[in-house]
Amino acid sequence: MFTKVERLISSRNLKPKKKEGFLKVISIFSFLGITLGVAILIIVMSVMNGFKNDLTKKILGLNPHIVIQPNSFVIDEKYISKIKKRFKEIDISKTYSGEGIAISNDKAKGLILKGVDSNEKKIRNFLNTNLASGEIKNFKKNHVFIGTELAFNLNLKEGDQINLMSSAFVATPLGSLPKQENFKIAGTFNTGFLEFDQNIIFLNIEDALSIFDKEIEDQNIEIYLKNPLDANKFKERIVKM
């Protein structure tokens with residue numbers, strides 16, 4: 001609320017006497033300047049807050065908020081069911097990720113190979129939202145989804161073949177060699193993040209475990225929360241289990 005003195009001063013400057021014409025001009029420009037400055041400040045803050053929220057939502061939506069790895073215990077269906085029963089407000093995905101190399105048309109690119117289960121809700125939502133080409137029904141054994149940026153860099157498209165090499169080694173008569181397999185591109189995705197679209201390849205979790213020479217017990221659990229800021233609280237509760 002304005003005080004009596006403030007109202008008096010405002011009234012004097014906004015409605016000067018006739019002999020104070022110059023003061024009236026100054027008042028008009030001052031009033032317009034303040035109005036314009038406040039309006040610009042509000043617009044800029046609104047745009048920046050919207051951009052920040054959208055960017056944060058995208059980044060946190062692409063990455064899991066909690067990852068459980070089987071370092072000292074086995075992650076099986078019994079353990080996963082226990083997690084789901086204890087925390088009903090979370091989304092769970094079974095995954096396995098590792099470093100690898102994509103080779104095509106005499107070009108090679110180091111990246112992350114991420115095995116996922118296309119039947120899980122979180123993965124299907126991601127693919128439905130970000131697919132640029134292809135269909136989810138084609139995401140089956142020996143098929144992969146790659147980012148549009150990676151497809152451009154390696155000159156690939158839906159239906160092409162790509163050779164993936166993992167960091168796991170297999171014994172051969174010529175010695176230990178990196179394990180590699182050929183896959184067919186089921187489609188491409190575009191998240192809007194250059195680094196993500198250049199460096200991630202999605203394949204079925206069975207294929208991922210195979211190319212890294214791992215077993216089903218070696219899979220990880222990725223947990224997505226409604227509020228990512230609650231990650232530490234959920235982590236403490238999971239550790240106590």
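Sequential numbering from 1 along the given sequence is applied to the chain's residues.
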Any donor and acceptor pair, going by atom type alone, linking the side chain of Thr148 with main-chain N or O of Asn190 inside 3.5 Å? no
Flag, side chain of Asp117 to backbone of Asn119, donor-acceptor distance under 3.5 Å: yes
Step by step, work out the side chain to side chain contact (heavy atoms under 4.5 Å, CB included) result for Glu215 and Leu209. CA-CA 6 Å; Glu215 301 296 333; Leu209 293 173; over 6 Å; no
Which residues satisfy the ring-ring contact (aromatic ring centres under 6.0 Å, His included) test with Phe152, sequence neighbours excluded? none
Can you give each donor-acceptor pair under 3.5 Å made by side-chain atoms of residues 180-189, sequence neighbours left out, with the distance rounded to 0.1 Å?
| unit_1 | atom_1 | unit_2 | atom_2 | d |
| --- | --- | --- | --- | --- |
| Gln180 | OE1 | Asn163 | ND2 | 3.4 |
| Glu181 | OE2 | Ser210 | OG | 3.3 |
| Asn182 | OD1 | Asn163 | ND2 | 2.9 |
| Thr188 | OG1 | Ser133 | OG | 2.8 |

Take Ile238 and Phe87, measure what side chain to side chain contact (heavy atoms under 4.5 Å, CB included) needs, and give me the verdict at the end. CA-CA 9 Å; Ile238 292 172; Phe87 308 100; 3.7 Å; yes
So how far is it from [X] [atom1] to [Y] [atom2], rounded to the nearest 0.5 Å?
X: Ser104; Y: Leu156; atom1: OG; atom2: CG; value: 4.0 Å
X: Ile123; Y: Ile205; atom1: CD1; atom2: CD1; value: 9.5 Å
X: Asn128; Y: Lys121; atom1: CG; atom2: NZ; value: 12.5 Å
X: Ile223; Y: Ile83; atom1: CD1; atom2: CD1; value: 5.5 Å
X: Asn138; Y: Phe145; atom1: CG; atom2: CZ; value: 6.5 Å
X: Ile201; Y: Ser97; atom1: CD1; atom2: OG; value: 12.0 Å

Is any side-chain heavy atom of [Y] closer than 4.5 Å to one of [X]?
X: Gln219; Y: Ile80; value: yes
X: Ile90; Y: Ile66; value: no
X: Ser93; Y: Ile221; value: no
X: Lys114; Y: Glu222; value: yes
X: Asn199; Y: Lys109; value: yes

Quick one: do [X] and [Y] end up in the same hydrophobic cluster if we chain Ile, Leu, Val, Met, Phe, Trp and Tyr together by side-chain heavy atoms under 4.5 Å apart?
X: Ile101; Y: Ile211; result: no
X: Tyr96; Y: Val144; result: yes
X: Phe126; Y: Ile200; result: yes
X: Ile112; Y: Phe202; result: yes

May I have all residue pairs that pass salt bridge (Lys or Arg N to Asp or Glu O under 4.0 Å) and include part of residues 193-206, sequence neighbours excluded? none
Residue pairs passing the salt bridge (Lys or Arg N to Asp or Glu O under 4.0 Å) test with at least one member in residues 135-152, sequence neighbours excluded, are Glu135-Lys137, Lys141-Asp207
Checking side-chain contact (heavy atoms from CB on, under 4.5 Å) between Leu36 and each of Leu32, Ile40, Val38, which is the one that passes? Ile40
For a side chain to side chain contact (heavy atoms under 4.5 Å, CB included) check, start with the C-alpha distance between Val116 and Phe139, then their side-chain angles and the critical distance, and finish with the verdict. CA-CA 10 Å; Val116 297; Phe139 189 34; 3.8 Å; yes
Nearest heavy-atom pair of [X] and [Y]: which atoms, and what distance?
X: Asn105; Y: Asn155; value: ND2-O, 3.4 Å
X: Ser166; Y: Pro178; value: O-CB, 3.8 Å
X: Gln198; Y: Leu111; value: O-CD2, 4.5 Å
X: His143; Y: Asn204; value: O-ND2, 4.0 Å

Worked check of side chain to side chain contact (heavy atoms under 4.5 Å, CB included) between Phe212 and Leu113: CA-CA 10 Å; Phe212 285 103; Leu113 305 178; 4.0 Å; yes
Set of residues satisfying salt bridge (Lys or Arg N to Asp or Glu O under 4.0 Å) with respect to Asp213, sequence neighbours excluded: none
Review item, side-chain donor-acceptor pairs of residues 230-237, under 3.5 Å, at least two apart:
none

